[in-house]
Amino acid sequence: MTPLGWQILAAMAFVGHFGLHLALYNRLNSFGWPRRVIKTIEKALFVEMLVTPVAIAWWHGDVLREIVSGSWQPADTPTYLQAYAAVCLASWVVFGLPWLLWRPIFRIGWADAPRRVEVVRVEETLGRSLAHTRQCRFESRLPLNQIFDLAIEQIELPVRGMPPELDGYRIAQLSDLHLTGDIDPDYYRYAVSRAVAWEPELFAVTGDIIDIQSCIDWLPDIFSPAEAADGCYFILGNHDTRVVDSWQTRRAMDRAGWTDLGSDSLRRDLRGVPTRLIGNEFPWFGRPDLGPPEDERFRLLLSHSPDQIGWARRHGVHLMLAGHTHGGQGRLPLIGPLLSPSWHGSRYASGDFDKPPTTMHVSRGLGGVHLMRIHCRPELSLITLRSVRLHAADTTR
């Protein structure tokens with residue numbers, strides 16, 4: 001290989017080092033381990049990510065100089081360093097190529113779901129500051145931060161195999177409120193009021209409602225105004241484990257008139273169509289044991305994480321609503337998000353996906369513990385279902 005070839009490989013190994021750690025970070029946050037365990041591993045990974053290149057430059061500066069000058073030979077490099085370079089190069093194939101393939105710009109595996117987006121600057125609309133804490137006031141004023149720029153997205157979502165009677169069925173989805181006390185509850189009340197005004201037939205909240213114990217008292221006030229002909233349903237997520245007793249959150253939502261669908265399933269008729277409503281809070285809580293379909297013709301799943309898409313497909317779910325990933329919290333033009341707490345990396349960070357027999361919508365969510373959103377507005381999803389004829393070939397995709 002020419003000196004230039006070795007230099008290119010060295011540069012790719014250097015970039016692969018950071019890409020490998022990004023991939024590990026994303027997947028680490030898909031596990032249901034205790035938060036303190038995950039945070040400890042995250043910090044160790046971050047330190048190691050920074051220290052390793054510095055240590056290599058310190059101990060093997062002669063090798064780097066030879067690579068730059070073009071005089072390097074493989075025999076000049078210790079075996080362990082060659083092995084780690086090979087691992088970093090392999091990360092391009094294992095993680096990098098799939099990451100590139102699933103970029104939003106290529107639309108592979110995405111559902112063709114037209115949407116009309118209304119962006120509301122909620123602070124201006126309500127005429128006052130919604131930041132409760134000094135940190136929130138400071139970060140909300142930083143350039144590019146869209147934390148209070150609510151995107152109200154009316155989505156025409158085609159659902160394969162859905163009974164034609166449900167064509168035009170309206171679902172309002174809220175996700176990832178992350179009540180921390182940093183943001184005034186009026187922000188969330190506004191989102192609920194806009195959803196109510198749209199007159200949905202079903203309301204869904206897909207987890208991560210509470211982060212701070214004291215905010216549980218806000219829930220009846222925020223969610224009581226919600227109403228829908230076929231009911232209001234919720235599940236919990238990983239952040240809901242941070243309170244002393246998650247059942248306090250469930251009981252508060254019950255007082256607000258919402259039905260707890262977590263780790264359970266219910267039989268309901270939607271427009272006369274026998275339907276199984278399912279809640280999946282795995283891996284932080286349980287997921288229900290579903291038998292074969294009885295008389296139901298439609299299966300609707302509320303899942304906190306999009307990682308449960310495989311489970312949904314195996315259980316014949318027609319429509320899956322999820323959150324958890326926040327759209328990556330920040331997105332690059334064309335490239336999309338880098339960070340996403342998912343076993344699939346940023347593939348399902350947000351949007352509409354066609355994975356027959358399941359159609360999945362992943363919301364960017366309303367809030368977040370991190371008070372920065374860059375090119376990634378919070379989302380209120382107003383979903384109108386559209387029936388699509390299911391061809392035999394589609395079931396094999």
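Residue numbers count from 1 along this sequence.
H370 and E139 share no donor-acceptor pair across their side chains, judged by distance under 3.5 Å alone. A donor-acceptor pair shorter than 3.5 Å cannot be found between the side chains of E281 and N238.
Shortest non-hydrogen contact noted between A131 and S129 is N-OG, 3.2 Å. Between Y188 and H178, the shortest heavy-atom distance links the atoms OH-O, 3.9 Å. Residues L338 and S346 come closest through the heavy atom pair O-CB, 4.1 Å. Across all non-hydrogen atoms, the minimal contact from V196 to A226 is CG2-CA, 3.7 Å. Of all heavy-atom pairs spanning L150 and L366, the tightest one is CD1-CD2, 3.6 Å. Nearest heavy atoms, P164 versus R297: CD-NH2, 4.5 Å.
Put simply, the side chain of L28 reaches to within 4.5 Å of the side chain of E42, judged on heavy atoms. The shortest distance between side-chain heavy atoms of V317 and I278 falls below 4.5 Å.
Within the 3.5 Å criterion, the main-chain N or O of I210 finds a donor-acceptor partner in the side chain of D240. A distance-only check finds no donor-acceptor pair linking the side chain of S30 to the backbone of P341 [under 3.5 Å]. For N29 (side chain) and Y25 (main-chain N/O), a donor-acceptor pair under 3.5 Å exists by modelled atom type. Judged by distance alone, the side chain of Q173 and the main-chain N or O of S381 form no donor-acceptor pair under 3.5 Å. A distance-only check finds no donor-acceptor pair linking the side chain of E379 to the backbone of I152 [under 3.5 Å].
R250 forms a cation-pi arrangement with F285, by the criterion of a distance under 6.0 Å to the ring centre and an angle within 45° of the ring axis.
Under 4.0 Å is where a charged nitrogen must lie from a carboxylate oxygen, and between R160 and D354 at least one such pair does. Between R364 and D176, none of the side-chain N atoms (NZ, or NE/NH1/NH2) sits under 4.0 Å from a carboxylate O, so this pair counts as no salt bridge. Salt bridge status for R386 with E156: present, with a side-chain N to carboxylate O gap under 4.0 Å. Using a 4.0 Å cut-off between a side-chain N of Lys or Arg and a carboxylate O of Asp or Glu, D295 and R267 qualify as a salt bridge. In this structure, E153 pairs ionically with R115, as a charged nitrogen and a carboxylate oxygen lie closer than 4.0 Å.
Following chains of ILVMFWY side-chain contacts shorter than 4.5 Å, one cannot reach I171 starting from M360, and the two form parts of different hydrophobic clusters.
Checked options W198, F223, F234, W258; the residue passing with F203 is W258 (criterion: ring-ring contact (aromatic ring centres under 6.0 Å, His included)). When H344, H304, H239 are each tested for a ring-ring contact (aromatic ring centres under 6.0 Å, His included) with H324, only one passes: H304.
Below 30°, between 30° and 60°, or above 60°: for W110 and F353 the angle between ring planes is between 30° and 60°, a tilted geometry.
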